[in-house]
Amino acid sequence: MERMSTLDAGFFFVEHDNVPMHIGSLAVFEGPRPAYDDVTRLFEAKLPQVPRYRQVVRTTPLQVFRPMWTDDVHFEIGYHVRHAAVPAPGGPAELRSLAARIFAQRLDRARPLWEEWLLEGLADGRWAIISKVHHAMVDGVGGTDLMTRVFDQTPDAVHPAPAAWEPEPPQSLASMVAGGVRDAVSWPLRQLTTAPDVLRLLRRPAELAGFGRGLAGSARRLAEPSAGFLNGTIGPHRRWAWATASLGDIKQIRLRHGGTVNDVLLAAITRAFRDLLEARGELADGLVVRSLVPVSVRGSSQRGEVTNRVSAVLANLPVGEHDPLRRLAVVREQMDGLKRSYQAVSAEILTGMLGFAAPMWLALGSRAAFSAPQRWSRRLPPTCRGRASRCTYWAAGWRLPIPTCRSAAACASRSPSSPTWTPSPSASPPTMTPCPTWRS
């Protein structure tokens, strides 16, 4: 049995009918589709590498104690590995529609929080795998690490036969209560012992002063006019879309105009928001889209850990700026300033402080915050971070054909009257692999 961290528990608590909290990805493969039983055996053989995939979340009444991971005594691999067909003719539109429906469905919280979908019926003889993992289990970088365990790096990889597994028996109610009381006493003390590690970057006066200036800058950004038009009631439905770009082209832009790969991506997202606002007659000079940009704080020694190591910084995307190079410069300057002033550390400190609150109040506060329209932030754009290496991944002997990043981060919660963006029907179907990946 293992207790959730504060951040993991927060992601678990905020979920409700209109806010599914899973991370998703779609991988399209070349070659004939493998049999469903073969794919099931492939995932079953990999389960010993990821014990969390056979664990279920147990909670206590009124969330008195932190949720815990326990072995699922009724685990059934066939429930988690599923099979579906893309409607004919199996093009991008049909794939988008099916993926959107799958991503909109919440994971069953009474079972281990993951699903894999084998999709057949794609055009050009391709097939796909859709992955869903709850954010309480893993963040984006950790999800990439999980993917490298599940997929192979050679087409002729040998998979051992699925090993027999015996779940640990569930704890009695008395044992759970006793363990919860011990955790309630020791957890705040453990949070205090880790505080020096979080604050180590701010031990010099100059760095502390820069941190303070960064907080003041974040406060000023909250006063800038933001596109409130993008806020609306969150609904249960999802529309999923993708855009394709060459990593080589993005790197060329970075080399010519400065910044990082993520700066270029944020500038591209800024242009997309600008086009949307202009089409709806909501664009104005000086307008920004306030965004919460995720930042991985996962160290090299924490690679492969099945938990969340993520923070965030508040950035204003300059949609009111008409010059694309100026937009990139503004984004770059803003992100450089946030990095220099360690603003991601402030979010990490805040998350750590939430660990001192009773789980019941964390649950109530999280749900209340995510049930209401987000006035302080309009968007949470994805960022890319990973190993600076190039590789190809395989599943059941078949190759992911085009190495580009694709994830369910493109899912958008919309009410019927809310704006959506739909790519051209001629857009290429997505493919996804964690390589080539990069460190910005």
Side-chain angles (χ1 to χ4, degrees), residues 11 15 20-30 33-34 36 38-47 49-55 75-86 95-109 111-120 122 126-153 159 238 240-242 304 306-308 310 382 384 386 391-396 398-411 429-435 437:
F11 285 130
E15 186 173 57
M21 285 300 296
H22 51 260
I23 299 173
S25 64
L26 171 64
V28 176
F29 294 84
E30 293 176 332
R33 174 186 59 82
Y36 167 75
D38 292 339
V39 175
T40 301
R41 283 192 292 270
L42 168 67
F43 281 97
E44 192 171 15
K46 301 282 187 173
L47 287 178
Q49 301 182 42
V50 194
R52 186 76 81 232
Y53 270 34
R54 287 192 283 214
Q55 293 181 326
F75 179 79
E76 171 56 49
I77 186 66
Y79 176 85
H80 297 276
V81 182
R82 305 181 177 190
H83 188 194
V86 179
L95 182 57
R96 279 198 304 268
S97 178
L98 179 59
R101 290 198 299 270
I102 292 174
F103 286 137
Q105 299 168 4
R106 289 176 57 185
L107 293 166
D108 186 351
R109 292 160 72 100
R111 295 176 179 265
L113 297 173
W114 65 279
E115 291 174 3
E116 300 287 341
W117 289 74
L118 172 64
L119 303 185
E120 62 174 285
L122 294 181
R126 295 184 175 187
W127 54 279
I129 290 179
I130 283 181
S131 301
K132 293 170 59 177
V133 183
H134 202 284
H135 214 326
M137 290 176 60
V138 71
D139 55 26
V141 174
T144 299
D145 291 341
L146 281 179
M147 190 176 180
T148 62
R149 297 185 188 186
V150 173
F151 289 164
D152 303 314
Q153 298 190 30
H159 304 120
R238 297 294 181 271
W240 190 64
W242 61 81
V306 186
T307 188
N308 285 275
V310 65
C384 296
C391 52
T392 301
Y393 278 83
W394 307 72
W398 300 106
R399 176 179 177 269
L400 285 131
I402 308 173
T404 54
C405 292
R406 292 290 177 269
S407 75
C411 288
T431 58
M432 191 276 288
T433 175
C435 293
T437 52

**Message:** Using the salt bridge (charged side-chain N to carboxylate O under 4.0 Å, His left out) criterion, which residues pair with Arg106? Sequence neighbours excluded.
**Reply:**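 Glu15, Asp17.
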
**Message:** Taking salt bridge (charged side-chain N to carboxylate O under 4.0 Å, His left out) as the definition, give me every residue that meets it alongside Glu44, ordered by chain and number, with sequence neighbours left out.
**Reply:**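 If we apply the salt bridge (charged side-chain N to carboxylate O under 4.0 Å, His left out) test to Glu44, skipping adjacent residues, there are no hits.
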
Minimum heavy-atom distance between [X] and [Y], given as atom pair plus value:
{"X": "Pro20", "Y": "Arg238", "value": "CD-NH2, 3.0 Å"}
{"X": "Glu115", "Y": "Trp117", "value": "OE1-NE1, 2.9 Å"}
{"X": "Leu118", "Y": "Pro34", "value": "CD2-O, 4.0 Å"}
{"X": "Leu107", "Y": "Lys132", "value": "CD2-CE, 4.0 Å"}

Taking the side chain as C-beta and beyond, is there a heavy-atom pair between [X] and [Y] under 4.5 Å?
{"X": "Lys46", "Y": "Tyr53", "result": "no"}
{"X": "Pro112", "Y": "Tyr79", "result": "no"}
{"X": "Leu98", "Y": "Trp240", "result": "no"}
{"X": "His134", "Y": "Met21", "result": "yes"}

Between atom [atom1] of [X] and atom [atom2] of [Y], what is the distance when rounded to the nearest 0.5 Å?
{"X": "Leu26", "Y": "Trp242", "atom1": "CG", "atom2": "CH2", "value": "7.0 Å"}
{"X": "Phe29", "Y": "Leu119", "atom1": "CZ", "atom2": "CG", "value": "11.0 Å"}
{"X": "Leu42", "Y": "Ile77", "atom1": "CG", "atom2": "CD1", "value": "9.5 Å"}
{"X": "His80", "Y": "Leu113", "atom1": "NE2", "atom2": "CG", "value": "8.5 Å"}
{"X": "Gln55", "Y": "Trp114", "atom1": "CD", "atom2": "CH2", "value": "13.0 Å"}
{"X": "Arg52", "Y": "Met137", "atom1": "CZ", "atom2": "CE", "value": "7.0 Å"}

**Prompt:** Is the backbone of Phe103 close enough, under 3.5 Å, to the side chain of His22 for a donor and an acceptor to pair up by distance?
**Reply:**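 Yes, because the side chain of His22 sits within donor-acceptor range (under 3.5 Å) of the backbone of Phe103.
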
